Amino acid sequence: RCQARSRVRTGHGRKGASLFTRSSRNVRKDAGVTGSETVTRGRAAWAGRLPGLALAGLVLLSTAVRFAVAQSFTTPWIAPDEMVYGMIGESLWSSGTLGLRELPSPYYSVLTPALVGAPLAWLELESGIQWARLLQSLAMALVALPVFLWTRRIATTGWALGASGLVLLAPAFHYTGFLMTEPLTL
């Protein structure tokens, strides 16, 4: 009896039977399987990515808008802070020390000079300032990520996206155009 079943499954002993054909008796019939499960899982996977894509879109949109607004500022606007952070950043990336005209500057943090100094040290002054503004706009817009993650723990995804969008509308984002510490303090 076992041999008869194996012959039917594999198709041995019948003319024209292939290893890939099955007898209708041997096909398992599940009433709960309709074939649309793949589509449902695909939609669920896409729906799971949608909040991340929306958050990335908010960050990129905020970065672009803030960078465009920063183009209306002249640098240095707030003297001497912008000049000091720019020179300390250049010193950090060119010599590895936080110095101001080869003098030590021990009371400044390393974060802003590290962010602002790389483009200023590697590029011409005008394009370096533009790249520094872009990096500051991106750094400030990335505040939406921890806001989203924190809000998602206590609210729905929609509310978390709303909170992320709301924080990106803060007036403090006006400072992204200045070479100062404000973009990294938010």
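Computed from heavy atoms alone, side chains included, the values below leave out hydrogens, waters and symmetry copies. Model, not experiment: these values are computed from the prediction.
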If I take atom CD from residue Q136 and atom OG1 from residue T63, how far apart are they, to the nearest 0.5 angstrom?
12.0 Å
Just verifying a value: how many Å separate T176 OG1 and L134 CG, rounded to the nearest 0.5 Å?
10.0 Å
Short side-chain to backbone donor-acceptor contact, S164 and A144, under 3.5 Å
yes
Evaluate the side-chain proximity of L135 to V116: yes if any heavy-atom separation is below 4.5 Å, no if none is.
no
Hydrophobic clusters here meaning ILVMFWY residues chained together by side-chain heavy-atom distances under 4.5 Å, can you tell me if L161 and L149 are in one?
yes
According to a 4.5 Å side-chain heavy-atom criterion applied to Ile, Leu, Val, Met, Phe, Trp and Tyr, with indirect links allowed, do M140 and L58 form part of one hydrophobic cluster?
yes
Between S72 and V69, is there a donor-acceptor pair closer than 3.5 Å when you use the side chain of the first and the backbone of the second?
yes
Are the side chains of L123 and I129 in contact, using a 4.5 Å heavy-atom criterion?
no
Does any pair with a residue in residues 112-149 pass ring-ring contact (aromatic ring centres under 6.0 Å, His included), and if so which ones, sequence neighbours excluded?
W93-W122
Please confirm whether the backbone N or O of A70 pairs with a side-chain atom of R133, one donor and one acceptor, at under 3.5 Å?
yes
For a quick test of reading the model, state the closest non-hydrogen atom pair linking S62 to L168 and the distance between them.
OG-CD2, 3.8 Å
Can you establish whether the number of heavy atoms outside Q71 located under 6.0 Å from its atom CD is more than 12?
yes
Hey, any chance V167 and W150 share a hydrophobic cluster, counting ILVMFWY side chains that come within less than 4.5 Å of each other, even indirectly?
no
Can you confirm whether F173 sits close enough to V143 that some side-chain heavy atom of one is under 4.5 Å from a side-chain heavy atom of the other?
yes
If I compare all heavy atoms of A170 with all of R66, which pair ends up nearest, and what's the gap?
O-NH2, 3.7 Å
Between R152 and T157, do the side chains contain a donor N or O and an acceptor N or O under 3.5 Å apart?
yes
